[in-house]
Number of protein chains: 2
Amino acid sequence: MRRDIFQAIADPTRRAIIALIAIQAMTPNAIAEQFDTSRQAVSKHLKVLHECEVLKQEQKGREIFYSLELEKMKELDNWLDQFRKIWESRFDNLDAYLAKIQKERKNDK
Amino acid sequence: MRRDIFQAIADPTRRAIIALIAIQAMTPNAIAEQFDTSRQAVSKHLKVLHECEVLKQEQKGREIFYSLELEKMKELDNWLDQFRKIWESRFDNLDAYLAKIQKERKNDK
DNA sequence: AATATAAGCAACCGTTTGGTTTCGCAAATG
DNA sequence: CATTTGCGAAACCAAACGGTTGCTTATATT
């Protein structure tokens, strides 16, 4: 069983849960109300997210509040860095290209 | 069948392929050499990535060169924006907090 | 003390995934 | 022109996924 953020965000319902929870901590029941599936199905998603350490729990009486572990989102961000470098360099090339044709236009005038 | 970047990057082999290809266009055989699986297995991954529009093909004779569609990586980046806003605001709070205790320390002297 | 509520757990089921092997086809090579 | 090479497609399989229903446990409520 793979358990990482990449697998965590692969499911659209889990992405929606993450987005919900990012704003404020919520209980499984409150979360389940937002979806068309059963509480148990949501509970399974919460379990996966918790195992991936994307979510953290806080027990309050018989309720459990789930909230987002922002650090995990940063892991994703870090993975994207390698591509960010590439697309920035391509934009630099675009900038250079634009500067070049702009210069050529001036020369035409 | 879900076909989006989130599902595309869920598999570790596919992430490795994406990282490989980001540097330079490659053929299926060249890619497969980098992994312990069969060419056909890699070919399946390439198919998924192509369907998700993460990769683009360029036929040259009987060879097919696959290269990265950077735009799709940006989609991921855009999705992350919502969390970036949150973690930046938390850092702002931390800054404010640090400034506050620093000020208090000065007052103590 | 009896009941209602919140939530996790287990068993089950159809579908998807990731891999394999086998095959077919088109482009190079001798 | 026969053979090799690069690649995709199909059939098959075990494992994982996402959902359901039914059950148990612990905390509130009456």
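Chain naming here is simple, since letters A, B, ... match the order of the sequence lines and numbering starts at 1 in each.
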Atom CD of B/Glu58 and atom C1' of D/dC7: how far apart are they, to the nearest Å? 16 Å
Atom pair CZ/CH2 of B/Arg84 and B/Trp79 - distance to nearest 0.5 Å: 11.0 Å
With a non-hydrogen cut-off below 4.0 angstrom, is B/Tyr66 in contact with a base, only sugar-phosphate, or nothing? sugar-phosphate
Tell me: CZ of B/Arg3 to P of C/dT16, nearest whole Å? 10 Å
Would a hydrophobic clustering, with Ile, Leu, Val, Met, Phe, Trp and Tyr connected at side-chain separations under 4.5 Å, put A/Leu76 with A/Val48? no
DNA chain D: 5'-proximal contact among A/Ser38 and B/Ile64 (nearest heavy atom): B/Ile64
Taking the side chain of A/Lys44 as heavy atoms from C-beta outward, which of C/dT17, C/dA11, D/dG8 is closest to it? C/dA11
Could B/Lys60 and B/Phe65 be counted as a cation-pi pair, given that NZ or CZ must be under 6.0 Å from the ring centre and within 45° of the axis? yes
Which whole-number value in Å describes the distance from A/Gln57 CD to C/dA7 C1'? 10 Å
Check the distance between D/dC7's C1' and B/Lys60's NZ and give it to me in whole angstrom. 17 Å
Interatomic spacing from CD in A/Glu71 to CG in A/Asn78 - rounded to 0.5 Å: 9.0 Å
Stretch residues 10-33 of chain A: residues that reach within less than 4.0 Å of DNA chain D through a heavy atom: A/Asp11, A/Arg14
When rounded to the nearest 0.5 angstrom, what is the spacing between CD1 in A/Ile64 and CD in A/Gln59? 4.5 Å
Rounded to the nearest angstrom, tell me the gap between atom CG in B/Asp4 and atom P in C/dT17. 11 Å
Round to the nearest Å and state the distance from B/Phe35 atom CZ to C/dG18 atom C1'. 14 Å
The answer to which of A/Arg39 and A/Arg62 contacts DNA chain C further toward the 5' end, by nearest nucleotide, is A/Arg62
Does any donor-acceptor pair link the side chain of A/Lys47 with the base of C/dG8 at a separation under 3.5 Å? no
Whole-Å distance, A/Glu63 CD to C/dG8 C1', equals 15 Å
For B/Phe65 and for A/Ala41, find the nucleotide of DNA chain D with the closest heavy atom, then tell me which residue's nucleotide is more 5'. B/Phe65
Between D/dC13 atom P and B/Gln40 atom CD, what is the distance in whole Å? 18 Å
Counting the atoms with a prime plus P, OP1 and OP2 as sugar-phosphate, which does B/Gln59 contact under 4.0 Å by heavy atoms, base, sugar-phosphate, or nothing? nothing
Is there a side-chain polar atom (N or O) of B/Thr37 under 4.0 Å from OP1 or OP2 of C/dG19? no
Nearest 0.5 Å please: distance from the CD atom of A/Glu69 over to the CG atom of A/Leu49. 12.0 Å
Spell out, yes or no, whether A/Val54 and A/Ile23 are grouped together once hydrophobic residues are joined by side-chain heavy atoms under 4.5 Å, including indirect joins. no
Is there a side-chain polar atom (N or O) of A/His45 under 4.0 Å from OP1 or OP2 of D/dC17? no
